[in-house]
**Student:** 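Quick one: this structure, given as structure tokens, is what I'll be asking you about.
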Amino acid sequence: MQKILLVGKPNSGKSLLFNQLTGLRQKVANFPGVTVELKSGVFNAYSYNTEQSPDVTQQQKFELIDYPGTYSLKSWSKDEAIAIEQLLAAMSDEKTSVILCNLDATRMERSLVFALQVQEIAKQHDKTVVFTLNMVDELLRFNHHIDTSKLGEKLGSPVFAVSAKTLIGINELQKGLSEIAISPEKYKVRATEINQQSFAAAAKILATEYAIPADVVLKRQNTIDRFLLNSVFGGIAFLLIMFFLFQSIFTWAAPLMDATEDAIGFLAGVVSSLLGEGILNDFMTDAVFGGLGSFLVFVPQIMILTLIIGLLEDSGYLARAALICHKPLSFFGLSGRSFIPYLSGHACAIPAILAARTIESPRKRFVTMLTVPLMSCSARLPVYALLIAVLVPDVSYLGGWVNLQGAMFFVLYLFGIVTALIVSSVLNKMTEGSTEHQDMPFILELPSYRLPHWQPLFYRIVNSGTQFIKRAGPIILWCP
């Protein structure tokens, strides 16, 4: 199967574009011995003979591979270097048909530096490049339009204006990408005047001519940031949001947990009445419904935690939270980026440890990975829930918005966080001065504030629940 490589800078809507082109049919592959994650899915290309529906007899399947976002082909970290190395290797692969390079329409200059680097390498390997100008819906709010045909002439490659969120231009991209992928030799990179400039200079020239002024786009973002990143109000907002997160895990999930428990009890009663007395009845009641049912009750809590984290991430606040946490976390030898693995660790420690690959500093990444398991993950929810239900009265305040059991839940999670910070400080002192764990600067781009896209968020929520059931269910069923 021929391949289409999807590349671009972080926070440019690349993953959402990937989901739209593949219909969320994706799988995850890890290179042996590393934590670099690639997503791949199937893109169905059609040969359009007319302006009407595609001729299905001309269908061809392509493997669309989503590479990790990066700002440059010059890497900062080991993991980023591996991702770039694999991208360069894929460009020389005969099965690679097209490189689909995603650009952020709101921050074109930053996107173009990396895109032009990729185009130059692709030209050396005689590969076809297609540019997508993503998030054009943001430009429409400011009545700004980009002439993609003229921009494509300047770049020497086709350009499609799209919005992966609102589906603007997606049909045109699917149609155009199908035609280009099937006949890539017709769309090779053309030499233009802009290609003779340095990458930074060319990006600046193109952004000046076509892009929307940065101060126009950032005006609303800076207004919100003045409050959320304020040394006083920002810290208060952060604590309230975190308290809201843990309250939601316990309080909001309670009705769903009760409904799940009642449903399991009802099914157990029906099966028990049909089987009658005997060892099979005992096995079904105690082992199957009693064992599996005892952990299925906590699936709603995992799904709600995934929902809240997804909302924070997609809205752009999670990056601000990392920035807010950088200064206090640095006292314990951690980075602001450590906040994201720590927060993810409350769902499951394994993906949280993998998420630590975004930390540039090897030493801080090492300390973060070692202390993430100290977070209270979802596996401890049954124990916490049982202890809280027995020892803490079910009392509510502020009209039911604040629950005492939920507050105690927050305290238990806070204890895990404080313990992790203390251990991090000790590990930081132990590894200080080690050449193997040299420090690197903290660099973080703040994405624009956006409303979450509900389709991939819903998929992520459902997937978190199903993966928990698939992985934990067989172990609980077969182990005594």
**Student:** List in chain and number order the residues that pass side-chain hydrogen bond (donor to acceptor under 3.5 Å, both in side chains) with Glu138, two or more places apart in sequence or in another chain; answer none if no residue qualifies.
**Tutor:** Arg141
**Student:** Side-chain contact test, heavy atoms from C-beta onward, threshold under 4.5 Å: evaluate it for Lys364 versus Val367 and give yes or no.
**Tutor:**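 SC-SC contact between Lys364 and Val367 ruled out.
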**Student:** Who are the ring-ring contact (aromatic ring centres under 6.0 Å, His included) partners of His144, not counting sequence neighbours?
**Tutor:** none
**Student:** Just say parallel, tilted or perpendicular for the rings of Phe227 and Phe233, cut-offs at 30° and 60°.
**Tutor:** parallel
**Student:** Only one of Leu112, Val162, Ile146, Val159 passes side chain to side chain contact (heavy atoms under 4.5 Å, CB included) with Leu103; say which it is.
**Tutor:**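 Going through the options one by one, the only one that passes is Leu112.
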**Student:** State, with a plain yes or no, whether a side-chain heavy atom of Leu21 is found less than 4.5 Å away from one of Gln174.
**Tutor:** yes
**Student:** May I have all residue pairs that pass salt bridge (Lys or Arg N to Asp or Glu O under 4.0 Å) and include part of residues 159-173, sequence neighbours excluded?
**Tutor:**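 Not a single pair qualifies under salt bridge (Lys or Arg N to Asp or Glu O under 4.0 Å).
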**Student:** Is there a donor-acceptor pair closer than 3.5 Å between any side-chain N or O of Ser330 and the backbone N or O of Lys327?
**Tutor:** yes
**Student:** Can you sort out the partners of Thr371 under side-chain hydrogen bond (donor to acceptor under 3.5 Å, both in side chains), two or more places apart, ordered by chain and number?
**Tutor:** Tyr342, Ser424
**Student:** Would you check if Ser376 and Phe415 make a side-chain contact, meaning some heavy-atom pair closer than 4.5 Å?
**Tutor:** no
**Student:** Taking the side chain as every heavy atom from C-beta outward, state whether Met135 and Asp104 have any pair of such atoms under 4.5 Å apart.
**Tutor:** yes
**Student:** The criterion is side chain to side chain contact (heavy atoms under 4.5 Å, CB included); which residues satisfy it with Ala407, sequence neighbours excluded?
**Tutor:** Gln247
**Student:** Can you check whether Leu256 reaches Ile304 side chain to side chain, under 4.5 Å on heavy atoms?
**Tutor:**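 Leu256 reaches Ile304 side chain to side chain.
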**Student:** Would you indicate whether the side-chain heavy atoms of Asp66 and Ser15 approach each other to under 4.5 Å?
**Tutor:**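 A side-chain contact under 4.5 Å exists here.
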**Student:** Is Leu173 close to Leu17 at the side-chain level, that is, under 4.5 Å between some pair of heavy atoms?
**Tutor:**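 The answer is yes; the side chains approach within 4.5 Å.
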**Student:** Check salt bridge (Lys or Arg N to Asp or Glu O under 4.0 Å) between Asp225 and all other residues, then give those that pass, not counting sequence neighbours.
**Tutor:**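 With neighbours one apart ignored, the set is Arg320.
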**Student:** Looking at side-chain heavy atoms only, is the closest gap between Thr132 and Leu100 below 4.5 Å?
**Tutor:**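 Side chain of Thr132 against side chain of Leu100, heavy atoms only: contact under 4.5 Å found.
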**Student:** So, applying side chain to side chain contact (heavy atoms under 4.5 Å, CB included) with Leu329, which one of Ile324, Thr368, Leu421 is it?
**Tutor:** Leu421
